[in-house]
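Reviewing the structure listed below.
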Amino acid sequence: MSIQVKLRHVTRYTYDRAVALGPQVVRLRPAAHCRTPILGYAMKVTPSDKDHFINWQQDPHGNFLARLVFPKPVKEFVVEVDLTADLVVINPFDFFLEPSALEFPFKYEPELSKELTPFLETKHGGPLLNEFMHGIDIDKAPTVDFLVALNSKVYERVNYLIRMEPGVQTPEETLKKGSGSCRDSAWLLVHVLRHLGLAARFVSGYLVQLAPDRKNIDGPSGPEKDFTDLHAWCEVYLPGAGWVGLDPTSGLFAGEGHIPLACSPEPGSAAAITGGVEKCETEFGFEMEVVRLPEAPRSTRP
């Protein structure tokens, strides 16, 4: 049984005067490999159609992006996304692995390894990351079990917090502070996986969490009300399965509530909106909401 939801996301930049905008790149369209069925999608931009040009394209990693050009100065720049998703339950472990990848550690075939080069690159290191790596049990084990334990290890090591500062912390900074936002935990896990010889990429997307029909008798019951937000996680490449999502913020594998928008080797090229603007005072705001469409009766809600 699935639940259909409508997600609305508005991003607004207001300037103190009419200013010149450079080309703006918007990465707010569900990725081609998104497993959650997207039944409808629309993006509205202010200033109106007659005051901007839009070119939809795909970047080298297959992410959909809209390149916006504004020929005239603007006082406001607004991007409004509406999408309808069918949250049919997804089993995150519903995949098969190649025999060579059933147990970790394993190595990619040479040709595949060459294709995955950008996702194997390790730029950040340090004593704290080295110490964290030494604490990982790399004895031969089923690959899925190993990844479940590794994801949980990062989840337990980093306390989640809402961080409004721009940018992403280095793995060393996240380990030193013992805290970070979802993007910091994701970037840490990306580098841990790469240091283990596994190709990994950074993912930005929407996270939709719905309140359960009934509270759990044991353990947490989830959110009190339906919720959505921009989120970040990571994906690891497993031969036979392809890209598999891991969410270190929750310690879980990605499911139907994870809607990827952009996946890339570096967080900067997965940012929701990037572009230049002439020097000015800017006010930034956003709105996000998710509402359920008429629901069919089910056993937990007749």
Side-chain angles (χ1 to χ4, degrees), residues 6-85 115 117-119 121 166-168 182-183 186-187 190 201-207 228-235 243 258-288:
K6 182 177 181 181
L7 184 152
R8 181 174 180 266
H9 175 207
V10 181
T11 307
R12 179 177 288 103
Y13 300 89
T14 304
Y15 310 109
D16 61 350
R17 66 184 191 282
V19 297
L21 284 184
Q24 305 292 307
V25 176
V26 179
R27 303 176 184 87
L28 290 174
R29 180 174 166 181
H33 74 292
C34 177
R35 294 186 298 167
T36 300
I38 304 301
L39 307 180
Y41 177 85
M43 187 180 78
K44 178 182 177 183
V45 175
T46 302
S48 62
D49 292 350
K50 65 179 181 179
D51 294 316
H52 75 264
F53 299 95
I54 182 170
N55 174 225
W56 282 100
Q57 52 191 262
Q58 287 181 277
D59 68 10
H61 308 292
N63 301 307
F64 296 110
L65 57 87
R67 187 176 187 272
L68 302 167
V69 175
F70 300 88
K72 300 177 182 178
V74 303
K75 290 203 68 174
E76 186 179 48
F77 171 42
V78 182
V79 178
E80 180 177 347
V81 170
D82 287 285
L83 67 82
T84 303
E115 294 174 346
T117 296
F119 308 102
E121 184 177 1
V168 179
C182 57
R183 62 188 184 276
W187 191 226
V190 164
R201 62 185 184 181
F202 183 89
V203 184
S204 67
Y206 292 122
L207 176 63
T228 187
D229 201 358
L230 279 174
H231 192 52
W233 59 98
C234 90
E235 291 179 348
W243 292 105
H258 292 76
I259 301 177
L261 299 171
C263 309
S264 65
E266 299 285 334
S269 52
I273 301 177
T274 56
V277 59
E278 68 174 289
K279 190 174 181 179
C280 63
E281 294 292 328
T282 305
E283 290 186 8
F284 169 77
F286 70 95
E287 305 166 26
M288 297 194 73

Considering only heavy atoms from C-beta outward, does the side chain of [X] approach that of [Y] to under 4.5 Å?
X: V69; Y: N55; answer: no
X: H258; Y: L207; answer: yes
X: L68; Y: I54; answer: yes

Working to the nearest 0.5 Å, report the span between [atom1] of [X] and [atom2] of [Y].
X: T46; Y: H52; atom1: OG1; atom2: NE2; value: 8.5 Å
X: W56; Y: L65; atom1: CH2; atom2: CG; value: 8.0 Å
X: I273; Y: Q24; atom1: CD1; atom2: CD; value: 7.5 Å
X: L28; Y: L83; atom1: CG; atom2: CG; value: 10.0 Å
X: F64; Y: M43; atom1: CZ; atom2: CE; value: 13.0 Å
X: F77; Y: T11; atom1: CZ; atom2: OG1; value: 8.5 Å

[X] and [Y]: which non-hydrogen atoms are nearest, and at how many Å?
X: A186; Y: C234; result: O-CB, 4.0 Å
X: L261; Y: P30; result: CD2-N, 3.6 Å
X: P23; Y: R67; result: CG-NH2, 3.3 Å
X: I38; Y: A85; result: CD1-CB, 4.0 Å

With sequence neighbours excluded, residues passing ring pair (Phe, Tyr, Trp, His ring centres under 6.0 Å) with [X]:
X: Y15; value: none
X: F202; value: none
X: H33; value: none

Here's a test for you: under side chain to side chain contact (heavy atoms under 4.5 Å, CB included), which of S264, P265, P60 qualifies with P118?
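Going through the options one by one, the only one that passes is P265.
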What do the steps show when you test Y206 against V81 for side chain to side chain contact (heavy atoms under 4.5 Å, CB included), and what is the final call?
CA-CA 11 Å; Y206 292 122; V81 170; 3.9 Å; yes
In chain order, what residues pass the salt bridge (Lys or Arg N to Asp or Glu O under 4.0 Å) check against E80, with sequence neighbours excluded?
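Salt bridge (Lys or Arg N to Asp or Glu O under 4.0 Å) list for E80, sorted by chain: R8.
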Could I get the full list of salt bridge (Lys or Arg N to Asp or Glu O under 4.0 Å) partners for R201, not counting sequence neighbours?
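By the salt bridge (Lys or Arg N to Asp or Glu O under 4.0 Å) rule, R201 matches E235.
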List the steps, then state whether side chain to side chain contact (heavy atoms under 4.5 Å, CB included) holds for V74 with K72.
CA-CA 6 Å; V74 303; K72 300 177 182 178; 5.7 Å; no
Whether over 12 other heavy atoms sit under 6.0 Å from Q57 CD
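Yes, because the 6.0 Å sphere around CD of Q57 holds more than 12 heavy atoms from other groups.
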So, does T36 use its side chain to make a donor-acceptor pair with the main chain of I259 at under 3.5 Å?
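Pair absent, no side-chain N/O of T36 close to backbone of I259.
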Residue pairs involving residues 12-28 (criterion salt bridge (charged side-chain N to carboxylate O under 4.0 Å, His left out); sequence neighbours excluded)
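Listed once each, the pairs are R12-E76, R12-E287, R17-E278.
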